[in-house]
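When a ligand or atom number is given, it counts from 1 through the structure's own listing order. What you are looking at is a predicted structure, and each value in this text was computed from that prediction instead of being measured.
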Amino acid sequence: MYPIKNKWKVENMTLRTRHFYTSWRCTKSYIFLVGSFCFLMACILLIPNVSHYFTISTPIHVQEKLHRLLYFTRDTEESEESKESSFFRNNTSNIKKSSQKSQKKEGNAKVSRKASKGIQENYIHLHPYRFLINESDKCTKRTPFLLLLIATKFNERKHRQAIRMTWGNETVVPGVEVIRLFMLGVNEKVSNQAILSESRRYHDIIQQDFVDTYKNLTLKTLMGMKWVATYCSKASFVMKTDSDMFVNTEYLIKKLLWNVRLPKMDYFTGSIMTGYKPHRFITSKWFMPKEMYPEDEYPSFCSGTGYVFSTNVATRILSRSLKVPYLYLEDIYVALCLNKEGINLTPPPREDLFNIHTIPFSPCTYHSLITSHEVSPSTLLFFWKILQDKKHECP
Ligand SMILES: *[C@@H]1O[C@H](CO)[C@@H](O)[C@H](O)[C@H]1NC(C)=O
Ligand SMILES: *[C@@H]1O[C@H](CO)[C@@H](O)[C@H](O)[C@H]1NC(C)=O
Ligand SMILES: *[C@@H]1O[C@H](CO)[C@@H](O)[C@H](O)[C@H]1NC(C)=O
Ligand SMILES: *[C@@H]1O[C@H](CO)[C@@H](O)[C@H](O)[C@H]1NC(C)=O
Ligand SMILES: *[C@@H]1O[C@H](CO)[C@@H](O)[C@H](O)[C@H]1NC(C)=O
């Protein structure tokens, strides 16, 4: 088809092109190999940063991991006496001394300055946060029977208001001292002024200076534990719950906590979840990377939607938390601490008391349960009104 002259040209072109393609392929493979090598090296050097990039973990986890990689044996080396339960008291001199001590210990191991700084931070990582609002005298004038610790977010003023008017009303059971506290971290984008004035008005908010995010929920719970241990250790029982819950405080007190057979120490109850496995899919809300939690199953835990414990447990969880690597799933983290402390979960007397889902409303069902989930502020007010009107008719 082609004229002879052109045919030669085309064949020549094809050959050249082919040659070009071959060398391009070689170059590509070369680039690929070199690239992979560099990437691998980068990964090895920056493992913590890689996981941080995927927002798997907070800097806290990074420190924790670094700590575990570099000083795997440190915890076992530490004697029990240096447990330093005094960490959770605000004693900077103590903290400093201890860090120096641990630094000295590791001085022998060939450690870079940077790494030993990481360790130092890790060692006190769970409790470096300061109370911005402490309500430190809430418990000095009275000895509560029940303390309600409610995890809330900044923009949930309506939730808090509804809870104040319903199950969080401190006079809900006449003759029984109840104290209500909402727990908050800080929001970097919003001014704290509204919270401060709400706090001045109701005196029922405690706040620490950690950033208030889902992954920091464990910090919120630990703040509550710290508050109990520091300012209210004479209370009898504590309930930790969420702002989207219905809680039947009266039933909780009268039917569960007044039960004389209850042990007053090391008591922990709620909706017990058994046999749950870590989610290994990165897209899951409860994603848990293997390096953070290597086991295939979680210990039995009480759902964070509402659990109740005797006050001494708060102190035990708090001191144990200095040695249990941080997990952002607060209820599982608490269970890990309890496990290590040898505290068993007590099943509630009835399975249908603590509910992690929404229970269809009827006055008599709600009269004889303790928690129901996902109740909006307006629904809560509505349910409460009906319940108060009708509860006398229930068996
Ligand atoms: C802080 O700890 C030091 C050393 O353990 C102790 O001497 C001091 O009294 C403590 N201070 C407070 C305010 O607890
Ligand atoms: C802890 O102590 C430091 C300095 O001693 C002080 O600035 C801080 O306000 C204290 N925080 C609490 C919660 O007591
Ligand atoms: C608690 O907060 C008040 C008011 O902000 C402050 O004056 C007091 O020092 C704080 N107490 C402690 C122990 O941090
Ligand atoms: C709390 O309950 C008492 C009586 O049970 C009631 O008088 C008071 O108004 C309630 N408080 C709020 C904030 O609803
Ligand atoms: C948790 O709080 C700390 C302290 O404020 C902050 O540095 C960190 O970014 C927070 N983590 C997440 C995942 O938000």
> NE2 of His392: more than 12 outside heavy atoms within 6.0 angstrom?
Replying inline: yes
>> Regarding Gln208 and Asn134, do their side chains bring together a donor and an acceptor under 3.5 Å, going by distance alone?
In response: no
> With respect to Tyr293, which candidate in Phe287, Tyr298, Tyr276 satisfies the ring-ring contact (aromatic ring centres under 6.0 Å, His included) definition?
Replying inline: Tyr298
>> When you compare the side chain of Phe382 with that of Ser376, does any pair of heavy atoms fall below 4.5 Å?
In response: no
>> Out of all atoms in ligand 5, which are within 4.0 Å of some heavy atom of Lys215? Include the element for each.
In response: 13 (C)
> Under a 4.0 Å heavy-atom cut-off, what residues line ligand 4?
Replying inline: Arg164, Met165, Asn169, Thr171
> By number and element, which atoms of ligand 3 are closer than 4.0 Å to a non-hydrogen atom of Asn134?
Replying inline: 1 (C), 2 (O), 3 (C), 8 (C), 10 (C), 11 (N), 12 (C), 14 (O)
>> Name the residue from Glu156, Arg160, Lys153 that meets the side chain to side chain donor-acceptor pair (under 3.5 Å) definition with Ser243.
In response: Glu156
> Do any N or O atoms from the side chain of Ser197 and from the backbone of Ala194 form a donor-acceptor pair under 3.5 angstrom?
Replying inline: yes
>> Pairing donors with acceptors under 3.5 angstrom, does anything connect the side chains of Glu330 and Thr218?
In response: no
> Does Tyr214 come within less than 4.0 Å of ligand 5, judged by its heavy atoms?
Replying inline: no
> Charged N to carboxylate O under 4.0 angstrom, Arg201 versus Glu198?
Replying inline: no
> Heavy-atom contacts under 4.0 Å between Thr213 and ligand 5: side chain, backbone, both, or neither?
Replying inline: side chain
> Of all the atoms in ligand 3, which lie at a distance below 4.0 Å from a heavy atom belonging to Tyr231?
Replying inline: 12 (C), 13 (C)
> With a 4.0 Å heavy-atom cut-off (strictly under), which part of Tyr328 contacts ligand 5: side chain, backbone, both or neither?
Replying inline: neither
> Within a reach of under 6.0 Å around NZ of Lys391, are more than 12 heavy atoms found that belong to other residues, nucleotides or ligands?
Replying inline: yes
> Do ligand 5 and Val211 have nitrogen or oxygen atoms that lie under 3.5 Å from each other?
Replying inline: yes
